[in-house]
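Here the structure is laid out as structure tokens; the discussion comes afterwards.
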Amino acid sequence: MSLLVVGSMAFDAIETPFGKSDKIVGGAATYIAWCASNFTSVNQISVVGGDFPQEELDALTARNVSLEGVQIKKDEKSFFWAGRYHLDMNTRDTLATELNVLGSFEPVVPESYQNCEFLMLGNLAPAVQLSVIEQLKQKPKLIVMDTMNFWMNVAMEDLKKVLQKVDVLLVNDSEARELSGDYSLVRAAKSIMAMGPKYLIIKKGEHGALLFYDDKVFFAPALPLEEVFDPTGAGDTFAGGFIGHLAKTKDISFENMKTAIIVGSAMASFCVEKFGTERLREINKNDIDERLQEFVQLVNFDIDLVG
Ligand code: AMP
């Protein structure tokens, strides 16, 4: 099987300046699975409590997401995260992080998940991400890792160990600055790549994303949208589109990674249009192709440098 995903599956409570959600289904691996399953089958590793809705698990199974690696702790509660967005809808405050089942999570990679070619380490405790890498008998063709400032604050040493083992790191601009201690994103990229990953993607919310490799850099814009409803999960959805495209095409060249970050940006633009995973559940291949076409129009221009 080609794509292995590990990350949180959760309940979220979201507040934006324009509305508030009840406790809804979220989690990094949930968004990644909804998104990446448009491109490839997914083998999921996570943990949920007995309170996690069975319908959600069934809906993922129907999307060709294998849940053999998802542990269900019947007597415990699922991970819970609450956040409030600022007026710019780009920055947010975390109001609550209740680890619950995640606090004692020991992932087990099922035998049927071995030999995966692509590994997506979604946002989760770095020690758990490391344990998944170590359980794999064969190194995947590409390991992509996401993380967040929360783990930089509570588990920096573990985080540095995982960084040494991954090929691509995805962070947002403030996380890149925190991890490197440098305000310049170009210098930050250099020091982060020196920590392990050969490729670095820095997400800048509505201002797009940068892909760094060696001394090269590529920029993908975010689609200018009239309305952003809920940015939660946009980063995970971006990751799902990025690795989903690479897993589908099995091409890990820098050129194809450029396309992959456009695919990631296109998928993220759907995610923010409704609360939670709602929009991702609705879209089909036609919607995705049309959106990708909009990106082509967005960045396509001619220039005559002669004379
Ligand atoms: P994003 O908006 O892409 O950064 O991702 C938001 C998702 O990450 C939410 O659905 C949360 O459930 C999940 N999340 C938030 N904090 C954590 C954490 N410390 N560990 C794992 N997942 C988290």
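Scope of the values below: all heavy atoms of this structure, side chains included, with no hydrogens, waters or symmetry mates. Atoms within each ligand, like the ligands themselves, are counted from 1 in listed order. None of these values were measured; they are calculated from a predicted model.
Considering backbone and side-chain atoms alike, M148 places every N or O at 3.5 Å or more from each N or O of ligand 1. Backbone and side-chain nitrogen or oxygen atoms of L102 are examined, and none is located within less than 3.5 angstrom of a nitrogen or oxygen of ligand 1.
Using modelled atom types, one finds a donor on one side chain and an acceptor on the other under 3.5 Å when comparing S66 with Y113. Side-chain atoms of S174 and N172 include a donor-acceptor pair closer than 3.5 Å. Between the side chains of E106 and S131, no donor-acceptor pair of N or O atoms lies under 3.5 Å. A donor-acceptor pair shorter than 3.5 Å can be found between the side chains of N123 and W151. No side-chain donor-acceptor contact under 3.5 Å links T61 and D58. Side-chain contact, D93 with H86: a donor N or O sits under 3.5 Å from an acceptor N or O.
Near Y31, with a cut-off below 4.0 Å to any heavy atom, the atoms of ligand 1 are 10 (O). Those atoms of ligand 1 with a heavy atom of A234 less than 4.0 angstrom away are 3 (O). Within the listing of ligand 1, atoms 9 (C), 10 (O), 12 (O) sit less than 4.0 angstrom from a heavy atom of G27. In the vicinity of G235, heavy-atom distances shorter than 4.0 Å reach the ligand 1 atoms 3 (O). Interface atoms of ligand 1 facing G26, defined by a heavy-atom separation under 4.0 Å, are 10 (O). Every atom of ligand 1 with a heavy atom of A10 under 4.0 Å away is listed here by number and element: 12 (O).
For the ligand labelled ligand 1, residue F80 lies outside the 4.0 Å heavy-atom shell.
For the residues D12, T30, T277, D236, the heavy atom positioned nearest atom 8 (O) of ligand 1 is part of D236. Here the shortest heavy-atom distance to atom 22 (N) of ligand 1, taken over G276, P231, S8, belongs to S8. Comparing W81, Y85, F79, F238 by heavy-atom distance to atom 18 (C) of ligand 1, the nearest is F79.
Counting heavy atoms closer than 4.0 Å to ligand 1, residue A125 contributes nothing at all. Under 4.0 Å from ligand 1, the heavy atoms of R92 that appear belong solely to its side chain.
Every residue two or more places apart in sequence or in another chain that forms a ring pair (Phe, Tyr, Trp, His ring centres under 6.0 Å) with F11 is listed here: F52. Residues forming a side chain to side chain donor-acceptor pair (under 3.5 Å) with Y213 (at least two apart in sequence, or on another chain): none.
A salt bridge is absent between R291 and D287; no separation between the charged side-chain nitrogens and carboxylate oxygens falls under 4.0 Å.
Geometric assessment of R177 against the ring of Y183 yields a positive cation-pi assignment under the 6.0 Å and 45° thresholds.
Taking atom 21 (C) of ligand 1 as the reference point, the nearest protein heavy-atom neighbour is N123 O, 3.2 Å. At the top of the distance list for atom 19 (N) of ligand 1, counting protein heavy atoms only, stands F150 CD2, 3.4 Å.
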